[in-house]
2 protein chains.
Amino acid sequence: MTQGTENTSTDRRSDRTKAAILRAARERFAEHGYERTTIRAVASDAGIDPSMVMRYFGNKAQLFDATLTIDLRLPDLTDVAADELPQTLVRHFLARWEGDPADDALLVLMRSAVTNEQAAARMHEIFAAQVAPALAAALGPEAAARRAGLVSAQLLGLGLTRYLLRLPAVTTLTPDEIERGLAPAIQAVLDPD
Amino acid sequence: MTQGTENTSTDRRSDRTKAAILRAARERFAEHGYERTTIRAVASDAGIDPSMVMRYFGNKAQLFDATLTIDLRLPDLTDVAADELPQTLVRHFLARWEGDPADDALLVLMRSAVTNEQAAARMHEIFAAQVAPALAAALGPEAAARRAGLVSAQLLGLGLTRYLLRLPAVTTLTPDEIERGLAPAIQAVLDPD
DNA sequence: ACTGTAGGCCAACGAGTGTTGACTTTCCAG
DNA sequence: CTGGAAAGTCAACACTCGTTGGCCTACAGT
């Protein structure tokens, strides 16, 4: 399959179409979820034949898997003051989503994870590898373990209602209003009662 | 089609299989969402032929629609003290979900609404017809309009992470811990800052 | 100029889907 | 006892899907 010579800048041709397939797949999976996304549609978007998708990614599940490489880009929370932590979190996710929700990988994942085991498992991984440690840096490990779940529930709840379900009561709020409304709530979850 | 005589207690036979189909459909839609639920599987669960499903419900979309009749059974919040409101809400939804999440209609709807426009629209209706008025009774109309969205985001976030995504950080919490953790957060959203 | 190989296309397969119409069985009213 | 409607079965249609294998084309190395 891969020839012995490992060049950093050759294999030009295939790399470009491979990237085109990935880009198209991300968009489709984001908009319609796993089941309603067809290999034929992805190939058509990328301007190539469906069989090329199989050649480069094996099958649909592996293509989906290749799509799910997600970096939340959470800032280092070690030096963030306790009372600024909630607002930092809300602002971070809002900034991430307000840009172009349609192809944000985290929303892609949420959309598919509610019906697809593979996607749900990936969600668990991302949570354990990124969210939990980031909070542990700010709160200490044992407090983080107890609070991280509900914090995630609140942030994902915002993503769900505003960007996936698009509930009018949430979409009509401005980012500022959301930040002012949700930050105290997250503060309440973080505070020891 | 419907004969002139309108009996309240006859037409026995068909009513029972119609109910069996609905029950089976709810379970399937709840567990796998709209796309992955097949008419054949529903019919098999109900112990009848797939064509009967078509006879009684027309097509798959209409069967799905018939499944989505949801009553949140929210209590009357008019006489609930302001500081007991959050705990009342959290307790209500936890009680509803802890029983048998697998066939709770609201979770069915959430699971499908992230990829299905029809389901998302129904979610909007339910929200406008049930959640918003219930909160208006407790907070007054203009405060409710501003807060209802974020309250819904928090409650649906709980449902999403605990029952659909099953994030370990959330599923390992006891109902009591969730109530103690989340009620203050919802209080914070409701309070005018 | 020749050839091997990687990149790409085309046509088809097998399985599963929603849906339909004709046929059979059940059962109650006359 | 006997029609006839209601309830249910059966087999098939038309379609889409993921996936496969054979074929064509461009092009770099010799």
Side-chain angles (χ1 to χ4, degrees), chain A residues 1-25 28-29 31-67 112 115-119, chain B residues 1-25 28-29 31-67 112 115-119:
Chain A
M1 312 303 169
T2 60
Q3 64 269 40
T5 63
E6 298 215 351
N7 291 326
T8 37
S9 58
T10 47
D11 290 333
R12 280 279 151 231
R13 187 73 167 282
S14 63
D15 281 359
R16 255 187 307 147
T17 71
K18 200 168 168 178
I21 294 172
L22 259 185
R23 191 165 356 106
R28 288 273 170 182
F29 283 133
E31 191 155 6
H32 302 112
Y34 183 81
E35 328 290 343
R36 295 182 43 181
T37 295
T38 69
I39 299 252
R40 285 171 158 87
V42 169
S44 166
D45 288 355
I48 46 98
D49 191 86
S51 63
M52 296 304 296
V53 178
M54 311 304 295
R55 193 196 282 285
Y56 287 130
F57 293 94
N59 57 35
K60 187 180 177 179
Q62 290 177 49
L63 170 64
F64 185 56
D65 197 72
T67 288
S112 296
T115 54
N116 186 293
E117 279 304 322
Q118 181 188 357
Chain B
M1 311 303 166
T2 61
Q3 65 271 40
T5 64
E6 298 214 352
N7 291 327
T8 38
S9 59
T10 46
D11 291 334
R12 280 279 151 231
R13 186 73 168 283
S14 64
D15 280 0
R16 255 188 308 148
T17 69
K18 201 168 166 178
I21 293 172
L22 259 184
R23 191 168 354 108
R28 287 272 169 182
F29 282 133
E31 192 156 5
H32 301 112
Y34 183 81
E35 328 291 343
R36 294 183 42 180
T37 294
T38 69
I39 299 251
R40 282 169 159 89
V42 170
S44 166
D45 288 356
I48 46 96
D49 191 86
S51 62
M52 297 303 295
V53 179
M54 310 304 294
R55 192 196 282 290
Y56 287 131
F57 294 94
N59 57 37
K60 186 180 179 182
Q62 290 177 50
L63 170 64
F64 185 57
D65 197 72
T67 288
S112 296
T115 54
N116 186 293
E117 279 302 324
Q118 181 188 357

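Each chain gets a letter, A, B and so on, in the order its sequence line appears, and its residues count up from 1.
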(Q) Rounding to an integer number of Å, can you tell me how far Y34(A) OH sits from dC17(D) P? (A) 14 Å
Q | With R23(B) via side-chain contact (heavy atoms from CB on, under 4.5 Å) - residues at least two apart | A | A20(B)
Q: Calculate the interatomic distance between R55(B) atom CZ and dA22(C) atom P; express it in whole Å.
A: 13 Å
Q) Any side-chain N or O of T38(B) under 4.0 Å from OP1/OP2 of dG16(C)? A) no
Q: To the nearest Å, give me how far apart CZ (F57(A)) and P (dT19(D)) are.
A: 14 Å
Q. Which pair of heavy atoms, one from V53(A) and one from A43(A), lies closest together, and at what distance?
A. CG2-CB, 4.0 Å
Q) Which pairs, with at least one residue in residues 44-61 of chain B and sequence neighbours excluded, count as a side chain to side chain donor-acceptor pair (under 3.5 Å)? A) R28(B)-D45(B), D49(B)-S51(B)
Q: Might you point out which heavy atoms bring V42(B) and A24(B) nearest each other, and give the distance in Å?
A: O-CB, 3.7 Å
Q: Can you tell me the distance, in whole Å, between the CD atom of Q62(A) and the C1' atom of dT19(D)?
A: 13 Å
Q: Apply side-chain contact (heavy atoms from CB on, under 4.5 Å) to R36(A) and list each qualifying residue two or more places apart in sequence or on a separate chain.
A: H32(A), E35(B)
Q.
I need the CZ-P distance between R36(A) and dT17(C), as an integer number of Å.
A. 17 Å
Q: Quick one: closest heavy-atom pair of Q118(A) and A61(A), and the distance?
A: NE2-O, 3.3 Å
Quick test: give all pairs of protein nitrogen or oxygen and nucleotides 19-21 of chain C nitrogen or oxygen below 3.5 Å, distance rounded to 0.1 Å.
{"from": "dT19(C)", "atom 1": "OP2", "to": "K60(B)", "atom 2": "N", "distance (Å)": "2.9"}

(Q) I need the CZ-P distance between R16(B) and dA6(D), as an integer number of Å. (A) 18 Å
**Q.** Nucleotide dG18(C), atom C1' - distance to CD of E35(B) in whole Å
**A.** 13 Å
Q. For Y56(A), which contact category applies under a 4.0 Å heavy-atom criterion: base, sugar-phosphate, or nothing?
A. sugar-phosphate
Q | Inter-residue atom distance T37(B).OG1 - L63(B).CG, 0.5 Å rounding | A | 9.0 Å
Q | Atom pair distance, as rounded to whole Å: CE in M52(B) and P in dG8(D) | A | 4 Å
Q: Under the ring-ring contact (aromatic ring centres under 6.0 Å, His included) rule, collect the residues that match up with F57(A), sequence neighbours excluded.
A: none
Q. Using the C1' atoms of five pairs at each end, what's the angle between the two axes of the helix from dA1(C)-dT30(D) to dG30(C)-dC1(D), to 10 degrees?
A. 10°
Q) For the residue pair F29(B) and F64(B), does the interplanar ring angle fall in the parallel (under 30°), tilted (30 to 60°) or perpendicular (over 60°) class? A) perpendicular
